[in-house]
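What follows is one structure encoded as structure tokens, with my remarks underneath.
Given the structure is predicted, the values throughout are model-derived calculations rather than measurements. Here is the naming used below: chain letters follow the sequence lines, and residue numbers restart at 1 for every chain.
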2 protein chains.
Amino acid sequence: MKYSNQTRLLVAVDCIIFGFDGTDYKLLLIQRGFAPEKEKWSLMGGFVQPDESLDEAAERILKQLTGLHDVYMEEMQAFSQPDRDPIERVIAVAYVALIDIEKYQTQINDDFHARWYSIKELPNLIFDHKEMVEIALTKLRYKAAFHPILFELLPEKFTLPQLQAMYEGLYDTKIDKRNFTRKVLSTKLLKKENDKDKSSSKKGAFYYSLDEDHYKENFTNIHNFIPRNEIPAGVE
Amino acid sequence: MKYSNQTRLLVAVDCIIFGFDGTDYKLLLIQRGFAPEKEKWSLMGGFVQPDESLDEAAERILKQLTGLHDVYMEEMQAFSQPDRDPIERVIAVAYVALIDIEKYQTQINDDFHARWYSIKELPNLIFDHKEMVEIALTKLRYKAAFHPILFELLPEKFTLPQLQAMYEGLYDTKIDKRNFTRKVLSTKLLKKENDKDKSSSKKGAFYYSLDEDHYKENFTNIHNFIPRNEIPAGVE
DNA sequence: TTTAATAGTGTAAAAAAGACAATTAATATT
DNA sequence: AATATTAATTGTCTTTTTTACACTATTAAA
């Protein structure tokens, strides 16, 4: 038994994969291997298979490209203009993933010709992928102002200056060191390590890591990592 | 030309339509007119047609049921478990709408047997609609704590006690009158009218209305309508 | 030992949020 | 006409949070 007289459509998942290299935010793009728009840059995506949910499809696709699983990823928004794909109508559900760029491994066979692009120097993207990325960035700025999600971009151990650079990079702003440190430490999300990162200063900066228990417990609390006037308007 | 060897699916939109009657939050439900689950209560939904986006489908469906257009509505989340509909796989994108309950008109022919149910006394719903409603409520509580969206539930003119009751209802909490009034008026979103609503007190309460210009300009600002500890954790 | 470069830290003022209760306005009652 | 009743309206003080602002500490390199 089926529903009759209804049109069935292709449904795809597109993954917006962000990384941070210490200075710039990066987007992981692939060079599309098939028509249309062959060899143009694109988000990694794929069609939803009959036996999988959208979340599962997104995980499969992310794994395929990065080799990673258990990654922070969430549904962002559906893109459904009937003509967004010139070949055939495809409804795309965009997912946003935040990964530690160092954990990304080029796959044994780099089928996808993937590359990290700085979000400041993105190439032309196929279809409506550019719009997807812009919306994702705006939503990321909004959400990261209140929730400690950007830690997903960092390695296990990181320094306070690195952390601050990450926030400053996302909002393209300078934040007062003392105020930032105080706010971040007051969340109790961080554990101070005993060793220092001396790669970027003579004095060296102490490493911190996430206090996993506190992190899980307090993840959904409302925090306040950046000055109010930097929070982007116009978002949920 | 088509993408080959891919499965095409039904895509539907389901509308979670909230109202507020001065005391309780209400959900507009229909009695499903066709199998499966005929005559069971359900969200209003419909399949996406070949020529329309999801947003357009949601608007069409909302208009069909309520006669209303230009209503506050936004995409919430996709529901995509392969077996969520026993007849055939359907991916549903849930939309949340907030309407002024007084504007809702029963359609000329009430094809859908629609009824407002208090969210405290919901009947059993088909498929995963119950889950959709619960998620929608949690997200509404989150969003309404920061953005002035609940005004969409009120008529053009409303009193401060009514407004406060609406917030108290959503969070199931009591809020201090003086603090609430101060916060709400400090947003500059409201205009005081000259007349009073005397239906619920001898003294009467002054009407207020939205200052439309300020409302549009400041809509996306971050406000703070309810005490911090009432904001639900576990949401975006 | 001096220099250079970045890390680390404290305090005071301003703004926002929270706790708290008496007065006012209008109608209903006597 | 006076009084009782009911809900609306209004202000202050305290606490918390946020912001603005600048010097000292550390250590490798010169």
Using the closest heavy atom to pick a nucleotide of DNA chain C for each, name whichever of A:K202 or A:A205 lands nearer the 5' end. A:K202
Within this structure, what is the CG-to-C1' distance between A:N224 and C:dA15, rounded to whole angstrom? 13 Å
Verify whether one side chain among B:Y72 and B:E74 offers a donor that lies under 3.5 Å from an acceptor in the other. yes
How close do A:L160 and A:T181 get, counting heavy atoms only, and between which atoms? CD1-CG2, 3.7 Å
Provide, to the nearest angstrom, the distance between the NZ atom belonging to B:K198 and the C1' atom belonging to C:dA25. 9 Å
Give one of base, sugar-phosphate or nothing for A:S200, where a contact means two heavy atoms less than 4.0 Å apart. sugar-phosphate
Does B:R182 get its side chain close enough to the base of C:dG18, under 3.5 Å, for a donor-acceptor pair? yes
Using heavy atoms to find the nearest nucleotide of DNA chain D for A:P227 and B:K192 separately, return the residue whose nucleotide is more 5′. B:K192
Who are the side chain to side chain contact (heavy atoms under 4.5 Å, CB included) partners of B:T187, not counting sequence neighbours? B:L189, B:H223, B:F225
Could you give the start and end, 5' to 3', of the contact zone on DNA chain D for chain B, using atoms under 4.0 Å from its heavy atoms? D:dT5 to D:dT17
How about B:F146 and B:N221: do any of their side-chain heavy atoms sit closer than 4.5 Å? no
Donor/acceptor link under 3.5 angstrom from B:K203 side chain onto base of C:dA26: no
Does B:R115 qualify as a cation-pi partner of B:Y117, given the criterion of NZ or CZ under 6.0 Å from the six-membered ring centre and within 45 degrees of its axis? yes
note: A:E193, atom CD; C:dA7, atom P; distance rounded to Å ~ 18 Å
Between P of C:dA26 and CG of B:D197, the distance in whole Å: 14 Å
How long is the line joining CG of B:D176 and C1' of C:dA22, in whole Å? 14 Å
5′-ward residue of the pair A:T181/A:S201 relative to DNA chain C: A:S201
Is there a side-chain contact between B:Y104 and B:I99 (heavy atoms, below 4.5 Å)? yes
All ring-ring contact (aromatic ring centres under 6.0 Å, His included) counterparts of B:F18, not counting sequence neighbours: none
Separation of atom CZ in A:F180 from atom P in C:dG8, rounded to whole Å: 13 Å
Rounding to a whole Å, what distance do you find between A:Y208:OH and C:dA7:P? 12 Å
Does any N or O donor sit under 3.5 Å from an N or O acceptor when you compare the side chain of B:N179 with the base of C:dA19? yes
Using a 4.0 Å heavy-atom cut-off across all strands, classify A:K177 as base, sugar-phosphate, or nothing. base
Separation of B:K183 atom NZ from C:dG18 atom C1', in whole Å? 8 Å
